[in-house]
Number of protein chains: 2
Amino acid sequence: MSKCEQCIVREFSSLKALNKDELLKIADCKTSYTIKKGETIFVEGENVNGIFCIKDGVCKMSKLSQNGKDQIIKLVSKGELLGQRSMISDEPTNLSAIALEDMEVCFIPKAEIMGFFDNNNQFSMNVMKSICGDLKDADTHTVSMAQKTVKERLAETLIYLETSFGKNEDGSLHIQLSREELAGMIGTATESCIRLLSDFKKLGLIDLSGKKITILNLSKLKKLAE
Amino acid sequence: MSKCEQCIVREFSSLKALNKDELLKIADCKTSYTIKKGETIFVEGENVNGIFCIKDGVCKMSKLSQNGKDQIIKLVSKGELLGQRSMISDEPTNLSAIALEDMEVCFIPKAEIMGFFDNNNQFSMNVMKSICGDLKDADTHTVSMAQKTVKERLAETLIYLETSFGKNEDGSLHIQLSREELAGMIGTATESCIRLLSDFKKLGLIDLSGKKITILNLSKLKKLAE
DNA sequence: CATTAAGTATGACATATATCATATTTTCAT
DNA sequence: ATGAAAATATGATATATGTCATACTTAATG
């Protein structure tokens, strides 16, 4: 069993407020998992009873709409925690979490975490701040969805993917989403997404080769996103 | 200065976890305001430095989009707290709050509230749960925005207005929004909103008379919202 | 390597929605 | 009450986006 004390990603999450004793406690009760690309961490409606700490990799958080399409609400990566909202509300999860790359995650049972809320105010505060950040993002996202065109949202999303998750040596976006997933992020039909990508390519804004997307003209793309 | 101890709305918010001493403290430092319909409580980007407790009335929380339209994110009414997110994140507000009816609100300075977080775990937990609820709503809302048609969203919104804020004696929706505001809630052009309302009226789903909207056939409206 | 399935691309078309113009009604200040 | 301004309503039209069909490309499997 690896020690949480020595885990670097801890520093990037609310868990950074935990002291030595507390870290030893969770090291004792946590479970580590390896999750392959495409595998599910949990599904919308499931009872999770704890939180997942992402040691490595990226996953998508999505929600099934009534018409059967998967709407991606956000992407979550190394250092972040999954399942906080559901744990605090004491409800089943609202979103599904599916790995976009191979992942390393640790599961910490609810009972352990809930104890920290009572005894470690800095930890509580960190969790609150993190959820508040999510809420702010969600509200901003709602406005985009409501007021921007699909083209603007696609541009915005491509920029977000590059700035938040970086690019490979060849300059292509590190996160590789299928066209369907990308459509699910911007909230449009897969064909519309493909069509607009082609348009962007014709305009010299991006390059496409297979699944790889490379941003060629970031500033123009930013203008397009307004 | 009125006593917070005797204030009933307190029971509906996170403040219900406060004990007698704590209530006396806030009674001592709070400020009560009367806000007229249409007046602003705070504007997006403002530093609020505290929270507002709504004693009576309803307000809209909105955000200006780049194209100049006001997107209404949510409506907030009696018993709820405003400005929690901003206070916890220690950031300017993300949304504007504008009264839809005459309101009674109390302002409690940040310093006072922050103290409770350290000493009253139940209070912290209540605030966290309330923010988690907002986050869940926001995510659900994002999916509606992305995947539903304007017609479905309008139906959904009318139902929400009736179920959450009730109706007058004559059966009309108690909350009266202008067509522009309603359009801002569902994320569409004012003309489109007006047109769809006319359609709904022709279908016998609702009745319109001036600003008053009356739901005539709730079940059909629900089907339309899917 | 061949075969199939999945993903990507594109065309044709239908539909939803935005925009602009204008008429009508309501609201409000004087 | 009366006129002006704002809000609501409706038509005409342009545009964005969704849907269905089909071709092409890539990845996966035996």
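Throughout, a chain's letter reflects where its sequence line sits, starting with A, and its residues are numbered from 1.
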Just the rounded figure in Å: distance from [atom2] of [N] to [atom1] of [X].
X: Leu182(A); N: dA9(C); atom1: CG; atom2: C1'; value: 15 Å
X: Ile206(A); N: dA9(C); atom1: CD1; atom2: C1'; value: 13 Å
X: Asp199(A); N: dT17(D); atom1: CG; atom2: P; value: 11 Å
X: Glu191(B); N: dA23(C); atom1: CD; atom2: P; value: 16 Å
X: Lys151(A); N: dT17(D); atom1: NZ; atom2: P; value: 8 Å
X: Leu154(B); N: dA18(C); atom1: CG; atom2: P; value: 12 Å
X: Leu197(B); N: dA9(D); atom1: CG; atom2: P; value: 7 Å
X: Lys148(A); N: dT15(D); atom1: NZ; atom2: P; value: 22 Å

Heavy-atom check, side chain of Phe200(A) versus side chain of Leu208(A), under 4.5 Å
no

Between [options], which one does the side chain of [X] approach most closely?
X: Thr149(A); options: dT17(D), dT8(D), dT19(D); result: dT17(D)
X: Ile194(A); options: dT8(C), dT17(C), dA9(D); result: dT8(C)
X: Arg195(A); options: dT8(C), dT17(C), dG11(C); result: dG11(C)
X: Lys69(A); options: dT17(D), dA18(C), dT19(D); result: dT19(D)
X: Ser178(A); options: dT8(C), dA18(C), dT17(D); result: dT8(C)
X: Lys211(A); options: dT17(D), dA9(D), dT8(C); result: dT8(C)

Go nucleotide by nucleotide along DNA chain C from the 5' end; which of Leu196(B) and Gly210(B) gets its closest nucleotide reached first?
Leu196(B)

Using only side-chain N and O atoms of Ser192(A), determine if any of them is under 4.0 Å from OP1 or OP2 of dG18(D).
yes

Just N and O in the side chain of Thr190(B): are any of them under 4.0 Å from OP1 or OP2 of dT8(D)?
no

Worked verdict on Asp170(A) versus Lys212(A) for salt bridge (charged side-chain N to carboxylate O under 4.0 Å, His left out):
CA-CA 10 Å; Asp170(A) 62 358; Lys212(A) 286 195 174 181; 2.9 Å; yes

Given Glu156(A), which partner from the list Lys222(A), Lys148(A), Lys151(A) fulfils the salt bridge (charged side-chain N to carboxylate O under 4.0 Å, His left out) test?
Lys148(A)

May I ask you to verify whether the side chain of Arg153(A) and the base of dT17(D) hold a donor-acceptor pair under 3.5 Å?
no

Heavy atoms of Lys220(A) and Asn217(A) approach each other most closely as N-OD1, 3.1 Å

Rounded to the nearest 0.5 angstrom, the SG-NZ distance for Cys59(B) and Lys78(B) is 14.0 Å

